[in-house]
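Down below is the structure, laid out as structure tokens.
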Amino acid sequence: MTQAARSDGRGTYHDDFRLSITKALGDQLAHALTHLGRAPLAEQYLASLDERPGVYQLHLHGDFVYVGKADESLPGRLANHLQKLSGRRNIDLRDVTFSCLYVDEDFSALAPERLLISHYKAMGNIPWNNNGFGNKDPGRQRDSTVLKKNHFDVVYPIDLDRPVEDLESGQISLSTLLKALKNGLPYNFRYAEPPRSKSTFLAVPQDGLSADEAFQLISEALPEAWQIAVLMGYVIMYPDSPTEYKSAWRYYRSGRVAESEPEASPEEITKGDLFDADE
């Protein structure tokens, strides 16, 4: 009896079947989001959402730019994005819209945002999902990194003209003022506690002090070896003056402001560089 030659698993009367439940779920999620309307990313619209977990999409000028998840609260997660975007230059919040889906707890274990990312990346790119938008504070070891030209922080750098929320005029300790900036700015301010910060008092001249004015005020009270460095996406303060940071565009030293030209790599971030869906 002649033995039939082995095939690659496919033929006129036999074939392989590959079931991809995750792909089907991702396709259904994307389909459901596509059929939703969009609302402005504004407090009054977030207030109408339920405090439930889910997935969401962001659009800029009508273009889909980001997909993310909320493990506990969709309005809370979207409010974080609203706060972050409010402190950036080159972007108008009136141009940002969102849509979202509530996701049951059992389904959330399947990482629905990853299913959506896989779905959309198969059709092309999602601009803000691989350019650093969802990143948290990268930590001290990344402060000297040269960012690529399409990184979110390069395209939309932080706004130093933004007023510090809930900061009122009057006498205030340096320690309290530093905490007020950390809590009252829509971008990260990371710092080391300077010596005698609790016993050093400063006069905040008026309500609604801008970040730029507050950093100048603080730098006047710092020892000579200290500086405040404004990077593209956040601000740091350490006793390392006159250290230069590659992505810094302004320094505050002893009450003086020094402008700097930040470096930016001519290369673009690619899909393999990072993954930042609300990690």
Side-chain angles (χ1 to χ4, degrees), residues 83-90 132 135-149 151-266:
Q83 181 186 39
K84 178 172 185 174
L85 292 172
S86 71
R88 299 291 173 141
R89 293 179 286 157
N90 305 332
N135 285 359
K136 298 180 180 179
D137 183 3
R140 190 80 172 111
Q141 70 278 7
R142 301 293 297 274
D143 290 345
S144 298
T145 300
V146 175
L147 303 178
K148 295 187 176 181
K149 66 179 184 180
H151 193 283
F152 183 84
D153 293 340
V154 174
V155 181
Y156 307 106
I158 60 176
D159 183 8
L160 291 178
D161 293 328
R162 173 68 184 257
V164 183
E165 291 185 8
D166 300 324
L167 180 60
E168 299 178 350
S169 61
Q171 292 289 319
I172 186 173
S173 72
L174 175 57
S175 177
T176 302
L177 180 55
L178 291 171
K179 292 175 183 176
L181 262 71
K182 188 171 185 64
N183 296 328
L185 290 175
Y187 39 81
N188 190 46
F189 172 41
R190 175 168 24 91
Y191 62 90
E193 192 78 25
R196 297 179 295 279
S197 62
K198 294 183 179 179
S199 59
T200 300
F201 283 81
L202 298 85
V204 176
Q206 77 269 348
D207 295 350
L209 207 66
S210 71
D212 174 64
E213 293 168 329
F215 286 133
Q216 288 189 56
L217 182 65
I218 290 171
S219 71
E220 293 174 359
L222 294 175
E224 186 175 351
W226 287 67
Q227 70 175 355
I228 300 171
V230 181
L231 310 185
M232 300 302 288
Y234 56 101
V235 183
I236 58 176
M237 187 184 85
Y238 292 103
D240 59 1
S241 180
T243 298
E244 301 263 332
Y245 293 91
K246 294 178 180 179
S247 66
W249 55 277
R250 182 173 294 176
Y251 296 92
Y252 299 89
R253 295 166 176 152
S254 302
R256 298 185 298 273
V257 178
E259 303 292 344
S260 180
E261 185 65 32
E263 295 183 36
S265 170

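Residue numbers count from 1 along this sequence.
Note that CG of Leu222 and CE of Met237 are 5.0 Å apart. Values are rounded to the nearest 0.5 Å. Rounded to the nearest 0.5 angstrom, Gln216 CD and Leu160 CG are separated by 10.0 Å. Here the straight-line distance linking atom NZ of Lys84 with atom CG of Asn188 works out to 10.0 Å at 0.5 Å rounding. With rounding to the nearest 0.5 angstrom, the CG atom of Leu217 is 11.0 Å from the CG atom of Asp212.
Contact record, Leu167 with Ala180: CD1-CB, 4.3 Å, taken as the closest heavy-atom pair. Considering all non-hydrogen atoms of both residues, Ala192 and Pro239 come closest at CB-CD, 4.5 Å. In terms of heavy atoms, Ser173 sits closest to Lys198 at CB-O, 3.7 Å. The shortest heavy-atom contact between Glu244 and Ser260 is OE1-OG, 4.2 Å. In terms of heavy atoms, Gly233 sits closest to Tyr187 at O-CB, 3.9 Å. What you find for Gln171 and Ala203 is that their closest heavy atoms are NE2-CB, 3.4 Å.
Every pair passing ring-ring contact (aromatic ring centres under 6.0 Å, His included) that includes a residue from residues 191-225 is listed here, sequence neighbours excluded: Phe189-Tyr191, Phe189-Phe215, Phe215-Tyr252. Here salt bridge (charged side-chain N to carboxylate O under 4.0 Å, His left out) pairs that include residues 168-192, with residues two or more places apart or in two chains, are Asp137-Arg190, Asp143-Arg190. Among pairs with a residue in residues 230-243, those fulfilling salt bridge (charged side-chain N to carboxylate O under 4.0 Å, His left out) read Arg140-Asp240, at least two apart in sequence or across chains. Among pairs with a residue in residues 220-250, none fulfils ring-ring contact (aromatic ring centres under 6.0 Å, His included), at least two apart in sequence or across chains.
Side-chain atoms of Arg162 never come within 3.5 Å of backbone atoms of Leu185 as a donor-acceptor pair (strictly under, hydrogens ignored). No donor-acceptor pair closer than 3.5 Å links the side chain of Gln227 to the backbone N or O of Tyr251. Under a 3.5 Å cut-off, the side chain of Ser219 and the backbone N or O of Gly255 do form a donor-acceptor pair. Checking side-chain atoms of Asn90 against main-chain N and O of Pro157 turns up no donor-acceptor pair under 3.5 Å.
Listed by chain and number, the residues in a side chain to side chain donor-acceptor pair (under 3.5 Å) with Ser197 are Glu193 (sequence neighbours excluded). Considering only residues two or more places apart in sequence or on other chains, Ser210 meets the side chain to side chain donor-acceptor pair (under 3.5 Å) condition with Glu213. Among residues two or more places apart in sequence or in another chain, the salt bridge (charged side-chain N to carboxylate O under 4.0 Å, His left out) test is passed with Arg196 by none. With sequence neighbours excluded, the residues forming a side-chain contact (heavy atoms from CB on, under 4.5 Å) with Ala221 are Thr200, Leu202, listed by chain and number. For Val154, the side-chain contact (heavy atoms from CB on, under 4.5 Å) partners at least two apart in sequence or on another chain are Leu147, His151. Shown here are the side-chain contact (heavy atoms from CB on, under 4.5 Å) partners of Ala214, two or more places apart in sequence or in another chain: Val164, Leu181, Leu209. For Arg88, the side chain to side chain donor-acceptor pair (under 3.5 Å) partners at least two apart in sequence or on another chain are Asp153. Qualifying salt bridge (charged side-chain N to carboxylate O under 4.0 Å, His left out) partners for Glu259, counting only residues two or more places apart in sequence or in other chains: Arg250.
Looking at Glu224 and Arg256, no side-chain N of the basic residue comes within less than 4.0 Å of a carboxylate O on the acidic one, giving no salt bridge.
Contact annotation: the side chain of Thr145 never approaches that of Pro138 to less than 4.5 Å [non-hydrogen atoms, C-beta and beyond].
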